[in-house]
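On a predicted model such as this, the values are computed, not experimentally measured, just so you know.
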Amino acid sequence: GTAGSGTKVEWQFDPASGSRLLAVGTIFSCTFKVTTKGTDGKVYFGPSAGATSTATDLSLTNKHFGFKLTWAASANATLAATQGNGTTETASNLSTAIVVDDLITVIVKMVSATSADYYFQVNTGAMSSATTLSTNFPADTVWDLEFGANNANVASNSVVSFCGASLQR
């Protein structure tokens, strides 16, 4: 890829209908695989009010709760739980050992108006115990389901294949 490139896919919900993805009990799950890991990159996936992709970064200070996958140079990819309140992001690393062709399943469940539980599974391993984040949780708003990527302004090609995603409310 070209330096400073990225992409974003959104599933938009009709705001006129009053659709809101953010409610206690909302569950987002996704299964993905990194099939080609370039030099540098960042991917976000989950409910969002619009992550901002620039030539150098995928900003996650927007209102969101979901997951990000980051990598640099020859290092393994790092999977993190992430949420933001429109000003500040809070993130917690879940795994620093994600390698090419690992099949990853992630689940996030909104457990209260101020927190979410995050889970992950690598290949056929056990599902992790919950990682709870309660700092900078987003306030109620209309949401999209978003998948965004950026190559951190480094000319390299990366491929992340999403095998399935689900949103329950």
Side-chain angles (χ1 to χ4, degrees), residues 1-11 28-109 116-133 135-138 143-167:
T2 304
S5 63
T7 188
K8 183 166 71 169
V9 175
E10 291 179 337
W11 291 334
F28 167 73
S29 63
C30 175
T31 301
F32 67 94
K33 179 186 280 195
V34 178
T35 55
T36 304
K37 187 176 77 64
T39 305
D40 288 55
K42 182 187 286 186
V43 178
Y44 169 79
F45 35 99
S48 174
T52 303
S53 185
T54 67
T56 58
D57 198 10
L58 181 65
S59 175
L60 292 173
T61 56
N62 64 303
K63 294 180 180 181
H64 72 279
F65 70 110
F67 298 88
K68 68 179 177 180
L69 188 68
T70 57
W71 60 90
S74 62
N76 292 338
T78 297
L79 176 66
T82 176
Q83 59 194 39
N85 61 7
T87 304
T88 305
E89 177 193 17
T90 294
S92 178
N93 287 348
L94 302 174
S95 176
T96 58
I98 306 301
V99 298
V100 170
D101 291 330
D102 277 347
L103 186 64
I104 312 298
T105 299
V106 294
I107 300 170
V108 58
K109 180 178 182 180
D117 287 346
Y118 296 83
Y119 305 85
F120 74 100
Q121 177 185 31
V122 179
N123 297 314
T124 58
M127 185 65 68
S128 71
S129 57
T131 296
T132 302
L133 295 182
T135 304
N136 298 317
F137 197 79
W143 293 79
D144 300 329
L145 193 55
E146 185 170 317
F147 300 84
N150 187 282
N151 67 2
N153 209 30
V154 176
S156 66
N157 186 43
S158 298
V159 178
V160 178
S161 299
F162 290 92
C163 309
S166 170
L167 183 73

Practice item. Could you tell me which residues satisfy side-chain hydrogen bond (donor to acceptor under 3.5 Å, both in side chains) with Thr90, sequence neighbours excluded, listed by chain and number? Key: Asn136
Exercise for review: Quick one: pull up CZ in Phe67 and OG in Ser29 and give me the separation to the nearest 0.5 Å.
Suggested key: 9.5 Å
Exercise for review: Rounded to the nearest 0.5 Å, what's the gap from CG on Asn93 to OG1 on Thr131? Could you check?
Suggested key: 10.0 Å
Practice item. Write down the atom of Gly84, the atom of Pro138, and the distance for their closest heavy-atom approach. Key: O-CB, 3.3 Å
Practice item. Report the relative orientation of the aromatic rings in Phe162 and Phe32; use parallel for angles under 30°, tilted for 30 to 60°, perpendicular for over 60°. Key: tilted
Practice item. Give the minimum heavy-atom separation between Ser129 and Tyr119, together with the two atoms involved. Key: C-CD2, 4.0 Å
**Study point:** Considering all heavy atoms, the nearest Phe65-Ala116 contact
**Key:** CD1-CB, 4.2 Å
Check your understanding: For residues Thr31 and Thr105, is any side-chain donor paired with an opposing acceptor at under 3.5 Å?
Key -> yes
Study note, to complete from the structure: For Tyr118 and Thr82, the nearest pair of non-hydrogen atoms, with its separation, is OH-O, 3.3 Å
**Study point:** Ser128 side-chain N/O to Phe120 backbone N/O, donor-acceptor pair under 3.5 Å
**Key:** yes
Review point. Closest approach of Asp102 and Ala97, non-hydrogen atoms and distance?
Key: OD2-O, 3.8 Å
**Study point:** Greater than 12 external heavy atoms within 6.0 Å of Lys109's NZ
**Key:** no
Check your understanding: Just how far is it from atom CD1 of Ile104 to atom CG of Leu79, taken to the nearest 0.5 Å?
Key -> 7.0 Å
Study note, to complete from the structure: Heavy-atom closest pair (Gly46 atom, Phe28 atom, distance to 0.1 Å) is CA-CE2, 3.7 Å
Practice item. For residues Thr78 and Thr96, determine if any side-chain heavy atom of one lies less than 4.5 Å from a side-chain heavy atom of the other. Key: yes
Review point. Hey, what do you get for NE2 (His64) to CD (Gln83), rounding to the nearest 0.5 Å?
Key: 7.5 Å
Review point. Roughly how far, to the nearest 0.5 Å, is the CZ atom of Phe137 from the NZ atom of Lys63?
Key: 11.5 Å
Practice item. Report the distance from atom CG of Leu60 to atom OG1 of Thr88, rounding to the nearest 0.5 Å. Key: 12.5 Å
Check your understanding: Any donor and acceptor pair, going by atom type alone, linking the side chain of Asn123 with main-chain N or O of Gly125 inside 3.5 Å?
Key -> no
**Study point:** Close side-chain approach of Val108 to Val106, heavy-atom, < 4.5 Å
**Key:** no
Check your understanding: Given side chains that start at C-beta, do those of Asp101 and Thr35 come closer than 4.5 Å, heavy atoms only?
Key -> yes
